[in-house]
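Every chain is numbered from 1, with letters handed out A, B, ... down the list of sequences. Treat the numbers as computed from the prediction; the structure is a model and nothing was measured.
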Amino acid sequence: MKVGVGWSTLPSATEAALASVERALETSGPPALTILFTTDAYDQASVLDAVRGSIGSSRLVGFCGAGLLTAEGVFRQAVGVATLSGSELSVRTSLQASMASDPARAGILSAEELGIPGEEGAAILVLPDGFAPGVTEMLRSLYDRLGPGVRYLGGGAGDNLRFFKTWQFTERGVESGAVASASVRGAQIGCAIGHGWKPKGDLLVVTRSQGKRILELDARPAFEVYSGRLGGIHPKSFPEWGMRYPLGTADIRGNYLIRDPVSVRLDQSIDLVTEIPENAVAHIMEGTVDDLVDAASLVARAALAQVASPRFALVFDCISRYLYLGEAYARELRAMRESFGEDLPMLGALSFGEIGGYTDYPQFHNKTLAVGVFGSGGPP
Amino acid sequence: MKKSVLELMIAELSILHELASLAFKGSLEDFHRDCIDLATRLFGARRIAIAWEDGGSPRIAASLGLPPGAPLPADSQGGFSHRFADRGERGVLFMELGHPVEKREERLYAFFARKVEDGLKAARGAEHRARMEREKADLERQVLHVQKLESLGILAGGIAHDFNNLLTAVEGNLDLALLSLGAPGASPAAGAADFIRQAMAAARRAEDLTRQMLAYSGKGRFIKQWVDLSALVEENAHLLHASLSKRVGLTLELSTGLPGILIDPGQVQQVVMNLITNASEAIGDRDGRVTLATRLVHCDSDELQGSRLEEKPDPGDFIALEVRDTGVGMDDETVRRVFDPFFSTKFTGRGLGMSAVLGILRGHQGAIFIESGLDRGTTVRVLFPVLAASGSPAEPPSAEPERAPGRPGATILVIDDEEPVRLLCRSMLEHSGYRVLTAADGREGVDLLRAGSSRVDGVLLDLTMPQMDGVRAFAELRRIRPEVKILVTSGYSEQEVVRQFQGRGHEAFLQKPFGLAALQAALAKLLSA
């Protein structure tokens, strides 16, 4: 397997796309899979058209994120392309516009296009609209059809914090509010996920929730309880506090599924980026810069350790981590780079939710880092 | 990424807390979903299945990550399974974890499994109860159907019995009248007249019976007017006293100043008499008391659900008429059947008593409640709605038809499929000086009018006939001769006739049975209109 990576920050959609894809193709040659990341300042159809014009019959999957992650840093306006070639690679793609209206059906249709039920060894890249309410449901129906024999990795599309519209791509076209996905066979793929957040204080019971909205914690208004646990905060400063102190629910091995609080309403309910079930038991989480950076390093190493001959690292890192770490985000990126090794090509996106699992079951995480390392030689 | 013991303990505490809330909450589908959500989110289960084994291969009720035909997760490495029995079936929870179960985790899996088992048993219990309820309801419907058939049988038998008695009296007296008229040397006029009077009396009792039957059906003839119910009861107090046994006292608790209600006074009197008579008979030969009370009450829809009429009136104000007795009371079975036609606890049945009461109340959009228990006496409460546009009590109309001179020489076409009725009408009309044409059904009547239309001054038209019924014949007759006068007759009430004509208005109606005077008066009024 050969992998090429290219990116461009040129302001023109077509020029940025062409510069990126041509640079990637220089290394990979004609690809079997093209991964495309954009940011929302570009005309998305123009970017896709330019890339499609250069990749021949390659399958393509991609989305628009809040920023592009490269070996040289983070770019809030850029086009990035990774091309993977090799006769051993077999790729299928799916683009389901029904994600917003019927996420479970979108998962089923994706599974039908991507693979064979019960198949072993393939990797599934899943790129849904990160704002859509039913990502968890879509993932469940996708998993129900394809099972635990394949690896799941991905991230939610976004629009650079405007929270207006997201875009997803395959070689067939561009959609908004959809889920784009690809199944990749013929490569070794190691996946890992982690975040570095730790529980703080006593547990909280989500006594009343509706989708992404928590109405009550411990049978009291959600914000009142949340604020009380943090010593009293003003609703206007809630987004900043939410970024520093997310919620997390534990699994049996002590891993936490993070939920990112983004706003508080007049009725003291709290809106999250992703849904949380009623009766879930949560903790307020906290994490230092060191905790998060260390986690990034561990995640990168865990993914890398699963692959004998690594060729390419694909990263989905939450926009919220980038905002929380600020300038220290460079440390997180450097920690990943050092873990992968300087020579391993990498490309990533700042995402709105990350897809992966502590076990084989994939979940939709917040404030988390999901990494996939592609290697030669077929599944381990 | 290894966790500390403290981190694992905090996680376990959270999980225990969350598992404690897992329960069946009314939807099996939601419960399955909750189980799968917890198994994946808390335990990272790769596959999960909830299945039932009833002898053959497992029947999977819910699963995740299990393609059709795949082996159950317990067959794979790193699995956890829990089996239990419920109502003759074996339930199984399978989880494939993808890693060996650690000792410290076992109690969490066991707790989860127990919660799943409890929830599934609760769900099946609820389903079982719901099925039992459905079966009970089906059974009750069947019993009700059988009871209705039984009621119909009793009704038919009762009608046949009463009518046969009355017809015996009619036929026998008429035979005797004929004999007396033909007997040589007898004084025919005097003897025949007595027998005919006896026959007439029997016929009028038959007429009463048909009126009761119409009341039972709710299709009786109601002549409604604004009435003060207390005043109506008071006016009939002497009759009420007379209908009680001598050892039974009557107490009247009548509210004054009640709003007027729109009722048929005659029908409501029948209701009062029936209730009072039943109350008295419930006391029997003992000393006892019957109390009759009237008052204004307000009832909401919940209270009205208790009415024994299927059609419940709208909530609002009602005038209540309550009859309480200190009699023997009734058991539940008797209370349930008390409104069945011809049902009686007494050997000598009173025909349609309480079922006629039901019909009258139905015709007044009222309600009826009955409370009774053995040795506790009985209270029957009937409600009549107080209408918004309540009027003043009025004088009842005269029951006697006016005598009218008629139009001797006029030609009347009688259309009736019942030959005795047709012949009787011919005789009565000829006796009154009319010329008469007769037809045995609507079609023949229409043909007669068409053939000699100019000779016909009026039509006596029955409603229910073969070939062409009264409604269609009416339209045809009017089409041929728009100005022809038509008097519709029927054994049904005028309200029923109006309903059948559906606004294609008839101009005059004569209720069957009718006598000579009523026929003469109706025809005179029709022809002079």
Side-chain angles (χ1 to χ4, degrees), chain A residues 104 111 115-119 136-137 139-150 192-196 198-207 248-257 275-283 294-295 297-299 301-302 357-364, chain B residues 1-23 25 30 33-34 36-49 62-71 73 76 78 80 95-99 101-102 104-109 111-112:
Chain A
I116 303 155
E119 183 180 357
T136 300
E137 198 177 348
L139 277 177
R140 178 180 294 177
S141 58
L142 178 69
Y143 180 87
D144 192 37
R145 295 301 187 283
L146 297 180
V150 295
I193 198 158
H195 46 68
K198 294 180 170 60
K200 168 186 165 65
D202 292 338
L203 54 83
L204 293 164
V205 181
V206 181
T207 41
T249 58
D251 72 10
I252 199 166
R253 296 283 159 98
N255 300 304
Y256 282 82
L257 179 68
E275 58 269 46
I276 192 165
E278 212 159 76
N279 294 319
V281 175
H283 283 87
D294 288 349
S297 180
L298 287 170
V299 169
R301 287 169 202 271
Y358 294 112
T359 63
D360 293 327
Y361 183 72
Q363 292 186 287
F364 194 45
Chain B
M1 295 167 215
K2 198 163 175 57
K3 306 292 178 185
S4 69
V5 173
L6 180 62
E7 285 176 314
L8 291 174
M9 284 176 68
I10 292 171
E12 281 179 24
L13 186 65
S14 301
I15 289 168
L16 277 171
H17 209 97
E18 189 157 348
L19 290 178
S21 68
L22 176 63
K25 299 183 183 84
D30 288 350
R33 175 182 284 264
D34 288 347
I36 289 171
D37 175 58
L38 290 176
T40 52
R41 189 161 53 82
L42 303 183
F43 303 137
R46 305 172 83 227
R47 291 182 170 122
I48 178 170
S63 70
L64 182 80
L66 208 64
S76 305
F80 171 87
M95 280 197 296
E96 184 183 286
L97 300 165
H99 52 76
V101 174
E102 292 182 11
R104 66 171 187 86
E105 296 171 351
E106 281 179 358
R107 65 191 180 114
L108 292 177
Y109 294 132
F111 185 46
F112 173 62

Novice: Work out which heavy atom in Phe43(B) is nearest to a heavy atom in Leu19(B); give both atom names and the distance.
Specialist: CZ-CD1, 4.0 Å
Novice: Side chain from CB out, backbone as N, CA, C, O: work out which of these in Glu105(B) comes under 4.5 Å of a heavy atom of chain A, or both, or neither.
Specialist: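 Both the backbone and the side chain of Glu105(B) come within 4.5 Å of chain A.
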Novice: For Ser297(A) and Arg301(A), what are the C-alpha separation, side-chain angles and deciding distance, and is it a side chain to side chain donor-acceptor pair (under 3.5 Å)?
Specialist: CA-CA 6 Å; Ser297(A) 180; Arg301(A) 287 169 202 271; 3.2 Å; yes
Novice: Of all of Gly147(A), Ala282(A), Gly149(A), Pro277(A), which one pairs up most often with chain B through heavy atoms under 4.5 Å apart?
Specialist: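 Going by pairs under 4.5 Å, I would pick Pro277(A).
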Novice: Please identify, among Asp251(A), Thr359(A), Asp202(A), the residue contributing the most non-hydrogen atom pairs under 4.5 Å to chain B.
Specialist: Asp251(A)
Novice: Need one label for Thr249(A): side chain, backbone, both or neither, based on atoms under 4.5 Å from any heavy atom in chain B.
Specialist: side chain
Novice: Between Pro199(A), Ala280(A), Ala250(A), which residue shows the highest count of heavy-atom pairs closer than 4.5 Å to chain B?
Specialist: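 So the answer, after comparing Pro199(A), Ala280(A), Ala250(A), is Ala280(A).
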Novice: So for Asp37(B), is it side chain, backbone, both, or neither that comes closer than 4.5 Å to the heavy atoms of chain A?
Specialist: both
Novice: Taking all non-hydrogen atoms of both residues into account, name the closest pair between Arg47(B) and Gly65(B) and its distance.
Specialist: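 In terms of heavy atoms, the two residues are closest at NE-O, 2.8 Å.
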Novice: In terms of heavy-atom proximity below 4.5 Å to chain B, should Val206(A) be classed as side chain, backbone, both, or neither?
Specialist: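 Val206(A) has no heavy atom closer than 4.5 Å to chain B.
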Novice: So for Tyr143(A), is it side chain, backbone, both, or neither that comes closer than 4.5 Å to the heavy atoms of chain B?
Specialist: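 Both parts, backbone and side chain.
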Novice: Taking the side chain as everything from C-beta on, heavy atoms only, tell me whether Arg41(B) gets closer than 4.5 Å to Leu38(B).
Specialist: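 They are in contact (side-chain heavy atoms under 4.5 Å apart), so the answer is yes.
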Novice: Do His195(A) and Val299(A) have side chains that get closer than 4.5 Å, going by heavy atoms?
Specialist: no
Novice: Top residue by heavy-atom pair count (under 4.5 Å) with chain A, among Ser63(B), Ala20(B), Ala11(B), Ser14(B)?
Specialist: Ser14(B)
Novice: In the structure I gave you, are the side-chain heavy atoms of Leu42(B) and Phe112(B) within less than 4.5 Å of one another anywhere?
Specialist: no
Novice: Which bit of Ala45(B) comes within less than 4.5 Å of chain A, counting heavy atoms only: side chain, backbone, both or neither?
Specialist: backbone
Novice: Which atoms of Leu64(B) come close to chain A, meaning under 4.5 Å heavy atom to heavy atom: side chain ones, backbone ones, both, or neither?
Specialist: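 Both parts, backbone and side chain.
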Novice: How about Arg145(A) and Ser141(A): does a side-chain donor come under 3.5 Å of a side-chain acceptor?
Specialist: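 The answer is no; no qualifying pair exists.
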Novice: Charged N to carboxylate O under 4.0 angstrom, Lys198(A) versus Glu7(B)?
Specialist: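 Salt bridge flag = no for Glu7(B) with Lys198(A).
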